Amino acid sequence: MTALLVVALPLLGAAVALVGGHRRRLVAPAAACVSCGAAWVCSLLVAAAHLGDAAPAVVGPYVIGTGGIPLQASLYVDQLSASMLLLATTVAVLVQIYSVAYLRGDPRYPSYAALVSIFTASMALVVVADDLFVLLVGWEAMGACSYFLISHHWELEEARAGAVKAFVMTRLGDVGLLFGIFVAGDAAGSYRITDVVQAASSGGIGRTQATAATLLLLCGIVGKSAQFPLHSWLPDAMPGPTPISALIHAATMVAAGVYLLARLLPLFMLSATTMTVLAVIAAVTMLGGALMALAADDLKRVLAWSTVSQLAYMFAALSIGGYSAGVLHLLSHGAFKALLFLAAGSVIHAVGSQRLDSMGGLRSSMPVTFATMTVGFAALAGLPPFVGFFSKDAVLGVAGEAAFHGDAQARAWLVLVVGLVVEVLTAAYATRAWLMMFFGRRRSDVARAEPHESPWFMSGPLLVLAILSTLGGVAVVRPGFLGVAPEPFHAATALVSLLAVAVGVAFSASEWWRLDGHDPSRRLGPLRPALAAELGYDRALMSAVLSPVRVAMRTVVASESDVVEPYARGVGTGASWANRFLRWLHNGDLQRYVTAIVFGAVAVAVVVGIVQ
Amino acid sequence: MTQAVDWWAIAAPVCLVAAAVLALLLDAFVPKQSGALPCAVTLAGVAAALAVTAALRDSERAAFCLPSRLEEPVDCSWVVDRVALVWWVVALVACGLVALLLVPAVSEGEMPGGETYFLLLCSTAGALAVAAAHDLVTLVVAMETVSLPSFALVGLRRRPRRGAEAALKFFVTSVVATAITLLGISMVYGATGSVAAGAVATSVATSSAVRPLIGVGMVLTLVGLGFKVAAVPFQAWVPDTYVGAPVPVAAYLSVVSKTAGLAGVTIVVVRFFPPYADVWSPMLGVAAAVTMTVGNLAALLQRHAVRVLAWSSVAHVGFLLVPLAAGGGAADVGALQTYAAMYALVNLGAFSVVAAVSARGATLVSDYAGLVRREPLLGLALAFALLCLAGLPPGIVGLVAKVVIFRSAVDGGVTWLAVVMAANVALGLVYYLRFVATLVAPGPEGAISSPGDDHLHGLVPASVGFVISATLIGSVALSVWPAPLFAVLA
Amino acid sequence: MSSLVLDALVALPALGALLAAAVPASGHRLVWFSLGLSTVVLGLSIGAWVAVVDSGPGFHFESDASWIEPIGVRWTLGLDSLSAPLVVVTALLSWCCLVSLVRRAPDCGGSRQLAALVLLIEAGSIGTFVALDLIVFFVFFELVLIPMWFVIADWGDSHDAEGRRRAATRFLVVTVVGSALVLVAFLLLRSETGSFDLTVVADRVRRIDHGRQVAIAALLLVGFGAKVPVWPLHFWLPDAHSKAPTVGSVLLAGVLLKLGTYGLLRFWYDVVPAGALEVAPYLGGLGVVGIVYGALACLAQPDLKRMVAYSSIGHMGFVALAISTMTPQGLLAANFANVAHGAITGLLFFLVGGLKDRLGGTTFDTIGRGLYGRAPRLAALFAVAAMASLGLPGLAGFWGEMLTMLAAFSPNPALPQTTYLVLMALAGLGVVLTTGYFVVAVRRICQGVGPGDSLSDVASDEWLAWAPLVLVTVGLGVAPMAMLWSADGGASLVSAVLSR
Amino acid sequence: MSLVATLFVLLGGVAVGSALLVAVGTNLVHCALWLVVSLGALAGCFLLLAAEFVAWVQVLVYLGAVVVLLLFALMLTRAPTGSVPDLTGRNRVTAALTAVAAGGGLIVCFAAGFGSARIDVRGSDIGSPSSVGSTLFGSWVLPFELLSVVLLAALVGAIVVSRRQERD
Amino acid sequence: MPILYPLVVSSLLFATGTYVVMARRHAVLVLMGVELMLNAVNLNLVTFDAYWHDSLDSGQVLALFTIAIAAAEIGLGLAIVLLVFRSRSSINVDELRELADRDEAPTA
């Protein structure tokens, strides 16, 4: 029941913020922070009860007839959902607090706070839902909140465009998800996740059905988690307020795809096809994302591409059955990426620009931000002792294990090799961004006066997240809270990956040195503009999708105006012509009338006479 | 051997003729009278005839029987059965209402009192005779009894310029049609050697050698009747005549005269030529389809109010022919009569309002703008009548009558005709609704009979007002409780 | 149970319409009177719905009286879980329309006549939903046409008298042709079964030979399809909507279109299921074409009201697809989508009407950009309505579409399964396109930099008129079981029929 | 060919020929007179067909009354007595074609229906005034009475139509 | 005598009559055409009466009635013709166009 409160409380807060937010200035922030805080407390309670080897709890089901297989609205809390819940509410409450300062004076704050609260509730619903349709409700509600929040600055063209793109692309995936739910539910005879998983584990679902269901589900997952080929909305979603990027587009919503996959892993494991597809997608995405991040000029885009890439890491782990590795990286990424975004927000807040080349030398003026962000970058790059090192190690360790000993070795090798390459790249772009932001000369074209440290409302959450990113490694090494067996430390892969990180850092640092404080990615030469333009993928995709739609649209318009309308009008015109003709016939000439009578009589008589 | 006269069977037309003569004589001997007196005589005659009709309700009478050859069933010239009685009631009631509509014209000296009512009653007597006639000789004479007085009625106006033209057109076309009918009768006679219903039917059923001759004869016989009901291609006279005639006379032509024609068509196809159903049924089907389409299309953009009603009456003939096209069984004839009764009632309602408004000089539909607001009784009565004609609620009586016609078509297996009807119902709506919308719309300032103009406002003569109210009440009541209208079908 | 309830539901608005049109009192007072009456009807209908939900399958509140005995027509009314929600929606939308008339007289005046027409439409629609006699059904079906014609032709777009008349007439003509075909189908049923009574006909339908049943089902498809409107017969709808006044659009979309889908549901499922199975794939195909076609047309629309009108074609396409599956799920989905579309599109038309009142037009150019800034609440409501209309889970539109696709996923075993899978996939594509045009519309009018004028935001009477629809939209989205339960009874009825 | 037949052909030829002259003549009065010839010849035909009574009625009513009426009418309408070139309207071609079709159709129809059947009028008294009179009042009382109404109505109608004076 | 003789004569007369009615402009001539048509019918009736040896004399009786009707018609017809003449001094039937449907249709 406490889990239900996690869903309900933020909704309540949203309602209060919406209704009262415009009357009193303090109502909205108070409602938002308090409701999310209360939800956080509740999720702590839930987590306390369900982490470790505690038995899962089920609320419901509340059966809703559909004429066929019924919906069973029910909640399900186990270790996975408890930890996800904790992550989501923690980031949410930090973001709410952070936003109070970040959006100070913004007249749209009340609706913003309400949407964040609704989002939190939706995410919580996704996490605790036991029915696939209930999950879908939360899933798409998150999408809608994301849409509205991306377009928070709706006077900006790129915010509007990004919001539309994000929503339409994820919904495209969601249609697949919906159909996947149909197939899965049909195969399992129930839409409850527990039933589906049960059926999958006990062999109640055939291979074909499982492949169909999982491939369809994968569409939704790929869309939501911004994986290739539906990845391009996430970088474009960055015009949204930075706290939103931290919450939705880094820590929680985009990770929901990973969560769902982890949740349904037994079903996915039934289909080697799907897992191979997943591995390929993950490999392509993590490599591509990292490359884009290396070349991007915009700080938030760097982080966004990094998110894309890191999410692919999680999928890579799951594609070789690394349940705990995937989930652990999800949790750790949630912490350090939220930290990175919030810190980036702090920087942007101070500098007034998102472009990397307009920053530099911020080290001294923003010490807290510098320190916390350094922690974040270190975690991202996978430096020990930060949390990222451990979670990545878990992923690569699983991959290495599987590559040498498992039965899906091709997949595992792919993940392992690409994973290591991406390690290099990750370290390189993290170092590059870090150097460009905090070191070197301050750029003269910055409009603002001397940047200064952000208020405590903003730096407080940064500190909290920095602590989590620093100490979280402990939890990762002992993942018993997930109800899985402890992971042995993978010494071999850890060494290799440390080497990779070192290569990456060295690359960026040496180039930075060599170029005298200029962007190290210039070293990439002709590849750089192409990467900065994101390989033209987006434009190609848009024209590939939009031009047929445009053609179809024009066809429809033409058919309405040139076919349907003329015919509809033609009936009227024909009738009025007939009317004129008939009235012309009746021109008042008596003898014409008589002729008509005689002729008519003769004609009918002739016809009848011949017929007879 | 002289035929016995069954006075009771012919009492109704005799009442009418007696009243006619009385009206004529009163006109001659009572000078300076208004329209009220001859109208009263007429109504008395109609009432008496109705009383007789009511008394005959449960009996089927045959009179003026011909000596039978051999052992065949006796052929009678005059058969008063249930079908005929229904026609009688429709014709009589309509005649009474038309008589009331004529009062203002007579009172103002526009039409001569005694003669007008005399002609009206003679014509109606002819209509009754058509419905009861069971041999071709009686039928054709009865038809002429309907026609000849109505030629005169059309031309009866003090300013006869348009009336004369209308009368001449009506006359010539009608006479030609009659001649063709007579030719057809002569062919039937030539082929069968008889003119009586039973003998013709028997002979037609047995002789196959002369089928073309009989078929052609039957078709030509139907021409004159088709002219009376104004089926295409014999409809051309209708708009010109209706427009040129006094409005009450147009109402008479569109209701009583048409009823007589329908009765005649029914008798000819059902009583004389049942074995030729495979000929007349598709023929009437095509005629029905063409007639309703032509009528509706021609009415579509009409601006002249009477012409709209004229073409609408043509279109309704199409619907009326459908039950016969569907086979003309007892249920079909019932459907036909139901529809005809509905049509007579609401069409008279429409014509009565048009009569009242035309008396003030309105001719175009646009002259009726805002009638509902200025004179709600007139406006609503006309609007309701038009909706009934269109067959859309709130004119439920029209709708249900159409349902009955559709049912007849469907049961008779002429579903294609039902589909044509469907299109025509929609087509008809267009102009009926345009008319209704004009009635409801706010009228132009200074339009005819604006409220301030006391000369024109509220000048609905009592008799016309009575007809308007009676038809309105009748059609509203039948819309709420349509069962009585359909009692015919039971 | 008292059997006068349904008679009252029909008679109260009808008598109210007469009174409102006839009584010589001030127009304003009569609008209030109509509103009061409509409130009573609304309450009564909700009560009846609740009672029906409680009583399970079958018809309740049956009323049976002699009407046109000679042709076998009886005044039989009944309410089941299929019709009850539609009756409530009708009553609710009429109520909302009347509320919106209380303070805002139409430009051309005549608010009491308009109120009378609204009541008449309400009476006719409720009558159609509760009629159990084919002819009574038909009479009520036709009863709404003339009032709607007047609503469009007399209170419609004030800039285009000719156009609104034409639009009204086109609506009327298409519907009447359709309904005449329906009549033909009814009469075929009558001639085969000897009764006009729905239940009797349903009982005896097995006597009809199969080909005849197919013909009847096809006639019903074309006849009701013109009203729904199913794709190639939709051409009357955009004009009718774009020329109609707000009240007219709301009732047209929310109530009148439902007459068609209800008719199909009622007669295909209860009366000629065997024949319907033969033609159902065509309906499904046309429905899907309507979904995609409507969405593409919406994408190209420069006029918000026309866009909403075309969106109705898409939504009705979903209902058509649901009906065509010939399963209890399909019935549930169609019924749910009917109700949801009534509330959501009603709300959208109210909002568009509100914009039209403020800005004088509904083209995107007239409305301008940046409504979020100029009239935040109005814009937010529009965004919510758009989200609901594009089928966002958690709002009412989703469940209808989801259940429809679910039904198409497993259609009646007698139907071609693969075809339906393709139809389902295309419907999914339609969902994406729908999302596309709604977010583009939101982007076009709500977002961006506006002309800087400030519009009056949602007024209190508008809140009153719109709030019920918002509540229904959100309520049904959050708690779909409210509808699914009540319709379950109907579904079991249908499955009983289908399994015969 | 028998004598009767020969006579009939002659008389019929006269009737048709003079009817054609009515149809094409340019002088109104001549047309009326040709009509007299045609109807007179027709009366002769009736006689040959043993319809004695009808023949005499034909002579009385048509030749005695109707044609006179027509001549009066021509006079009253101040019809020109000379030749009028445009007595035939522009409709003539259509009219002629329709008429030919009608006539041809009728002949074909009769020929198909009766072929070579013959009339035998010998030895019957069917057409005598007494026989016709007895059937008329024995079997056809009803139409006869009805006819009286027609005639009365026509009389009154004719009077009342021509009595109205006012011009406009 | 072959029955076709009188039938052919009557057909030709009837055709001539219709031509007169359809083509001749003068109203009185039109009436003459009507007379021709009716007489053709009479010839038919009389012929068939003789052919069938009808004991009821239906043909002859109807012929008599037709003559009477024709007379009545011609009387009333001439009265109407005179009425037309008096109201407009012309009795050419093709000039009677006053009632024609001439008002312009509204543009739809």
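No experiment lies behind these values; they were computed from the predicted model shown. Below, chains carry the letters A, B, ... as their sequence lines are ordered, and counting in each starts from 1.
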Strictly distance-based, threshold 3.5 Å: is any side-chain N or O of B:D367 a donor or acceptor partner for the main-chain N or O of B:A362? no
Between E:V21 and chain B, which part of the residue has a heavy atom less than 4.5 Å away: side chain, backbone, both or neither? side chain
Min side-chain heavy-atom separation E:R24-E:V93 under 4.5 Å: no
Taking the side chain as everything from C-beta on, heavy atoms only, tell me whether B:L253 gets closer than 4.5 Å to B:F170. yes
Backbone of B:S186 reached by a side-chain donor or acceptor of E:N44 within 3.5 Å: no
Between B:V195, B:V243, B:L168, B:T241, which residue shows the highest count of heavy-atom pairs closer than 4.5 Å to chain E? B:L168
Does E:S87 offer a backbone N or O that forms a donor-acceptor pair with the side chain of B:R161 under 3.5 Å? yes
Okay, B:Y189 and chain E: the region with an atom under 4.5 Å from a heavy atom over there is both
Report yes if the side chains of E:L96 and B:D240 come closer than 4.5 Å at any heavy-atom pair, otherwise no. no
Below 4.5 Å from any heavy atom of chain E, which atoms of B:A166 appear? Answer side chain, backbone, both or neither. both
Report yes or no: does B:N296 contribute a side-chain atom to a donor-acceptor pair with the main-chain N or O of B:A315 at less than 3.5 Å? no
Per-residue contacts, residues 61-76 of chain E versus chain B, heavy atoms under 4.5 Å: E:L62, E:F65, E:T66, E:I69, E:A72, E:E73, E:L76
As an exercise: rank B:A298, B:G184, B:A191, B:A196 by heavy-atom pairs under 4.5 Å with chain E and give me the winner. B:A191
Taking the side chain as every heavy atom from C-beta outward, state whether B:D75 and B:H134 have any atom pair closer than 4.5 Å. no
Is any side-chain heavy atom of B:K228 less than 4.5 Å from a side-chain heavy atom of B:S257? yes
Just to verify, what does B:S313 make a side-chain hydrogen bond (donor to acceptor under 3.5 Å, both in side chains) with, not counting sequence neighbours? B:K258
Short question: side chain of E:S11, backbone of E:L7 - any donor-acceptor pair under 3.5 Å? yes
With sequence neighbours left out, the residues meeting salt bridge (charged side-chain N to carboxylate O under 4.0 Å, His left out) with B:E165 are B:K169, E:R88
Against chain E, label B:V172 side chain, backbone, both or neither, depending on which of its atoms sit under 4.5 Å from a heavy atom there. side chain
Residues in residues 27-36 of chain E that sit under 4.5 Å from chain B, counting heavy atoms only: E:V30, E:L31, E:V34
Okay, B:I180 and chain E: the region with an atom under 4.5 Å from a heavy atom over there is both
Does E:L56 offer a backbone N or O that forms a donor-acceptor pair with the side chain of E:D54 under 3.5 Å? yes
